[in-house]
Amino acid sequence: MTTPDLPADLGDGTRLVHAGDDPAVPGAPLRPSPVFAAPYHLGDEAPGWQGADGYARPDNPTLRVFERAVGELDGGDCLSFATGMAAISSAVLALVGPGDRVVLPADGYYATRVLARDELARFGVQVQLVPTLEIEDVAARGDLDGARLVLLETPSNPQLDVCDIAAVARATQASGAVLVVDNTTASPIGQRPLSLGADVTVGSDTKALTGHSDVLLGHVSTARTERGRELHTRIAAWRKTTGNTPGVFEAWLAHRSMGTLDLRLARQAANAAALSELLAGHPAVSGVRWPWRPQDPSYALATRQMLRPNGVVSAELADEAAVARLVRGSRLIAAATSFGGIHTTVDRRAQWGGDAVPAGFVRFSCGIEDTADLVADLTSALGTLG
């Protein structure tokens with residue numbers, strides 16, 4: 001059964017609670033339970049007869065509910081994947097071949113660059129790395145001509161630079177390149193790349209969308225255009241063949257968890273606003289970045305392009321030892337990687353070796369704790385830095 005999207009005039013909270021729901025039927029649960037079956041009864045008919053399921057790897061009822069919900073938020077047609085990197089790698093590898101040129105962010109998620117270095121190059125794909133802040137100028141000069149695929153990540157992870165999606169989309173549409181936007185940091189209710197001209201948007205749903213640090217998941221949504229439908233078909237075939245489908249329980253848990261994204265993101269953004277100001281005012285901290293802070297270099301573009309702020313803040317402390325003192329001095333802020341969860345965390349990015357950042361560079365992921373408690377706790381922890 002297919003259902004139409006929710007009316008566009010509904011608010012984020014309403015859309016998140018009702019996204020993906022089938023029409024109400026008396027006696028049916030408000031949310032469908034996960035369907036754990038791998039094979040299904042076929043009878044005398046071939047799989048797919050009248051929409052019937054045959055085997056769960058290419059598709060199954062629980063994935064369809066989750067994908068319908070996320071697609072409504074993205075404004076596209078969604079495919080879910082086992083992890084965020086499965087989504088990114090599938091969106092790239094399904095659409096490029098030997099000799100193609102792919103443009104990737106030089107300062108985006110490090111695993112995407114590892115994919116380029118270790119896998120795309122092995123398959124004969126040419127890779128061009130461009131910093132997020134330079135991609136608009138590169139596009140304006142016509143340097144994207146001849147590229148098969150352009151991948152943006154905005155705001156970038158971990159440095160939170162923002163690029164103009166619509167401007168790059170105009171260039172890729174003129175040149176024929178496929179534009180893919182990694183929307184993980186913003187989330188589907190914080191930014192809608194497909195409405196800005198992107199062909200594909202991808203996300204690590206491990207982060208804010210599910211938001212409880214207990215699910216690995218990713219998704220790809222394609223534009224509802226003729227080109228987008230062609231890309232969707234190719235990516236779906238890639239998923240089916242490579243077996244990148246997520247587990248049923250993960251998809252069900254993600255659909256359940258995303259219902260509170262509006263509430264979580266509002267508190268996370270309030271906490272990010274407070275912590276970014278506190279960090280910016282402390283002498284032991286430099287380079288504070290949060291795109292929605294008026295002093296941030298990306299503020300004007302972020303507030304024009306994005307729909308709402310998120311909870312990720314970056315900053316620089318003196319060195320590794322200073323980060324360790326900060327963590328030891330805090331009761332509420334845990335040292336952990338990833339972001340978008342309900343707990344506030346801090347991640348010293350240089351320890352992973354994939355980002356060109358100083359030893360004391362940190363990424364804060366603001367959780368949903370009471371803002372006053374977080375401010376008090378971070379103030380105390382910053383006191384250990386002198």
Engineer: Would you find a donor on one side and an acceptor on the other, under 3.5 Å apart, between the side chain of Thr14 and the backbone of Leu10?
Structural biologist: no
Engineer: So, for Pro34 and Val248, which heavy atoms are closest and what is the spacing to 0.1 Å?
Structural biologist: CB-CG1, 3.8 Å
Engineer: Closest heavy-atom contact between Leu265 and Pro309?
Structural biologist: CG-O, 3.8 Å
Engineer: With the threshold set at 4.0 Å, does a side-chain nitrogen-carboxylate oxygen contact exist between Asp347 and Arg349?
Structural biologist: yes
Engineer: Can you tell me if Asn271 uses its side chain to pair, donor with acceptor, with the backbone of Gly367 under 3.5 Å?
Structural biologist: yes
Engineer: Find the distance between CG (Asp161) and CD1 (Ile135) and round it off to the nearest 0.5 Å.
Structural biologist: 13.0 Å
Engineer: Using a strict 4.0 Å threshold on nitrogen-to-oxygen distance, state whether Arg15 and Asp262 make a salt bridge.
Structural biologist: no
Engineer: Step by step, work out the side chain to side chain contact (heavy atoms under 4.5 Å, CB included) result for Leu129 and Arg113.
Structural biologist: CA-CA 8 Å; Leu129 297 177; Arg113 284 177 276 120; 4.2 Å; yes
Engineer: Working to the nearest 0.5 angstrom, can you tell me the gap between Trp292 CH2 and Thr303 OG1?
Structural biologist: 6.0 Å
Engineer: What's the separation between atom CG in Leu332 and atom CG in Leu378, rounded to the nearest 0.5 Å?
Structural biologist: 10.0 Å
Engineer: Keeping Thr185 on the side-chain end and Pro155 on the backbone end, is there a donor-acceptor pair under 3.5 Å?
Structural biologist: yes
Engineer: Using atom types as modelled and distance alone, determine if a side-chain donor or acceptor of Thr260 lies under 3.5 Å from a backbone N or O of Leu263.
Structural biologist: no
Engineer: Decide side chain to side chain contact (heavy atoms under 4.5 Å, CB included) for Ser89 and Glu119; before the verdict, give the C-alpha distance in whole Å, the side-chain angles of both, and the deciding distance to 0.1 Å.
Structural biologist: CA-CA 10 Å; Ser89 61; Glu119 306 301 337; over 6 Å; no
Engineer: Measure across Gly218 and Ala87 and return the closest heavy-atom pair with its distance rounded to 0.1 Å.
Structural biologist: C-CB, 4.1 Å
Engineer: With the side chain counted from C-beta on, respond yes when Phe361 and Ser314 share a heavy-atom pair under 4.5 Å apart, and no when they do not.
Structural biologist: yes
Engineer: Do Thr379 and His282 have side-chain heavy atoms sitting under 4.5 Å apart?
Structural biologist: no
Engineer: Any side-chain to backbone donor/acceptor pair from Ser195 onto Arg192? Under 3.5 Å, distance only.
Structural biologist: yes
Engineer: Would Leu151 and Val103 count as a side chain to side chain contact (heavy atoms under 4.5 Å, CB included) if you check the C-alpha gap in whole Å, the side-chain angles of each, and the deciding distance to 0.1 Å?
Structural biologist: CA-CA 6 Å; Leu151 173 65; Val103 180; over 6 Å; no
Engineer: Do the side chains of Lys240 and Asp59 get close enough for a salt bridge, i.e. N-O under 4.0 angstrom?
Structural biologist: no
Engineer: I need the Ser187 OG to Met306 CE distance, nearest 0.5 Å.
Structural biologist: 7.5 Å
Engineer: So, taking the atom named OG1 in Thr242 and the one named CG in Leu93, what distance separates them when rounded to the nearest 0.5 Å?
Structural biologist: 9.0 Å
Engineer: How far apart are the closest heavy atoms of Gly71 and Ser221, and which atoms are they?
Structural biologist: CA-OG, 4.4 Å
Engineer: Given side chains that start at C-beta, do those of Gln173 and Asp199 come closer than 4.5 Å, heavy atoms only?
Structural biologist: no
Engineer: I'd like to know if the side chain of Thr62 reaches the main chain of Val35, judged simply by a donor and an acceptor atom lying under 3.5 Å from each other, with no hydrogens or angles considered.
Structural biologist: yes
Engineer: Taking Glu226 first and then Arg229, would you say they form a salt bridge - that is, a charged N and a carboxylate O separated by under 4.0 Å?
Structural biologist: no
Engineer: In terms of side-chain geometry, is the basic nitrogen of Glu67 or Arg239 positioned less than 4.0 Å from the acidic oxygen of its partner?
Structural biologist: yes
Engineer: Could you walk me through whether Val138 and Leu144 pass the side chain to side chain contact (heavy atoms under 4.5 Å, CB included) test, one step at a time?
Structural biologist: CA-CA 7 Å; Val138 169; Leu144 298 183; 3.9 Å; yes
Engineer: So, do Gln128 and Val102 sit near enough that their side-chain heavy atoms are less than 4.5 Å apart?
Structural biologist: no
Engineer: Is there a donor-acceptor contact under 3.5 Å from the side chain of Arg264 to the main chain of Ala208?
Structural biologist: yes
Engineer: Taking atom types as modelled, find out whether Gln159 and Arg289 have a side-chain donor-acceptor pair closer than 3.5 angstrom.
Structural biologist: no
Engineer: Sub-3.5 Å donor-acceptor pair from the side chain of Arg31 to the main-chain atoms of His255, do we have one?
Structural biologist: yes
Engineer: In Å, rounded to the nearest 0.5 Å, how long is the span from CG of Asp296 to CH2 of Trp290?
Structural biologist: 9.5 Å
Engineer: Using only heavy-atom distances, determine whether the side chains of Asp77 and Thr222 contain a donor-acceptor pair under 3.5 Å.
Structural biologist: no
Engineer: Determine whether Leu95 and Arg234 make a side-chain contact, defined as any pair of heavy atoms from C-beta on separated by less than 4.5 Å.
Structural biologist: yes
Engineer: Do the side chains of Arg325 and Asp319 get close enough for a salt bridge, i.e. N-O under 4.0 angstrom?
Structural biologist: no
Engineer: Out of Asn183, Asp74, Thr154, which residue meets the side-chain hydrogen bond (donor to acceptor under 3.5 Å, both in side chains) rule with Gln191?
Structural biologist: Asn183
Engineer: Are any side-chain N or O atoms of Thr184 and backbone N or O atoms of Ser204, one a donor and one an acceptor, separated by less than 3.5 Å?
Structural biologist: yes
Engineer: Is it the case that more than 12 heavy atoms not belonging to Gln351 sit under 6.0 Å from its CD atom?
Structural biologist: yes
Engineer: Any idea how Phe249 and Phe36 line up, ring-wise: parallel (<30°), tilted (30 to 60°), or perpendicular (>60°)?
Structural biologist: parallel
Engineer: Check whether more than 12 heavy atoms from other residues, nucleotides or ligands sit under 6.0 Å from atom NE2 of His343, and answer yes or no.
Structural biologist: no
Engineer: To check you understand the geometry: which heavy-atom pair defines the closest contact between Ser338 and Lys207, and what is its length?
Structural biologist: OG-CD, 3.0 Å
Engineer: Can Thr210 and Asp205 be counted as having a side-chain donor-acceptor contact under 3.5 angstrom?
Structural biologist: no
Engineer: Using the rule that two of Ile, Leu, Val, Met, Phe, Trp, Tyr join whenever any of their side-chain heavy atoms come within less than 4.5 Å, decide whether Val362 and Leu326 are in one cluster.
Structural biologist: yes
Engineer: Heavy atoms, side chains only, cut-off 4.5 Å: are Val220 and Thr201 in contact?
Structural biologist: no
Engineer: Heavy atoms, side chains only, cut-off 4.5 Å: are Thr345 and Phe364 in contact?
Structural biologist: no
Engineer: More than 12 heavy atoms of other residues, nucleotides or ligands under 6.0 Å from CZ of Arg331: yes or no?
Structural biologist: no
Engineer: Using only atom types and a distance under 3.5 Å, with no angle test, would you say the side chain of Thr384 pairs donor to acceptor with the backbone of Ala381?
Structural biologist: yes
Engineer: Answer yes or no: is there a side-chain heavy-atom contact under 4.5 Å between Arg141 and Glu136?
Structural biologist: no
Engineer: Please give me the minimum heavy-atom distance between Ala91 and Leu149, naming the atom from each residue.
Structural biologist: O-CD1, 3.9 Å
Engineer: Here's a test for you: under side-chain contact (heavy atoms from CB on, under 4.5 Å), which of Val92, Leu231, Leu179, Val181 qualifies with Val200?
Structural biologist: Leu231
Engineer: What I want to find out is whether Asp22 reaches Arg68 closely enough, with some N-O distance under 4.0 Å, to be called a salt bridge.
Structural biologist: yes
